[in-house]
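These numbers were taken from a predicted model, which means no experiment stands behind them.
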Amino acid sequence: MMLPTFDLETKRNGDMHRAAKLAILRHQVVHHIERTDASAEKVEQALAKLAEANAPMDRLARHQ
């Protein structure tokens, strides 16, 4: 009967482990970028509403 050897150091630093870890990190970075982009869009929308609310009345009349 052959017993498998558990070389944990190789498994932690092997090519497959490295590739899996990079894939997870890449996914996390993309997720954070998407969340940041969504937040930035909300800020831009809020700033546009603020600018519109602070616009002089004659400028508002031209847009209607």
Is there a side-chain contact between Gln28 and Leu25 (heavy atoms, below 4.5 Å)?
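Side chain of Gln28 against side chain of Leu25, heavy atoms only: contact under 4.5 Å found.
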Point-to-point distance, once rounded to the nearest 0.5 Å, from CD1 of Ile24 to NE2 of His27
9.0 Å
Using atom types as modelled, flag every donor-acceptor pair under 3.5 Å from a side chain in residues 37-45 to any protein atom, sequence neighbours excluded.
from	atom 1	to	atom 2	distance (Å)
Ser39	OG	Arg35	O	3.1

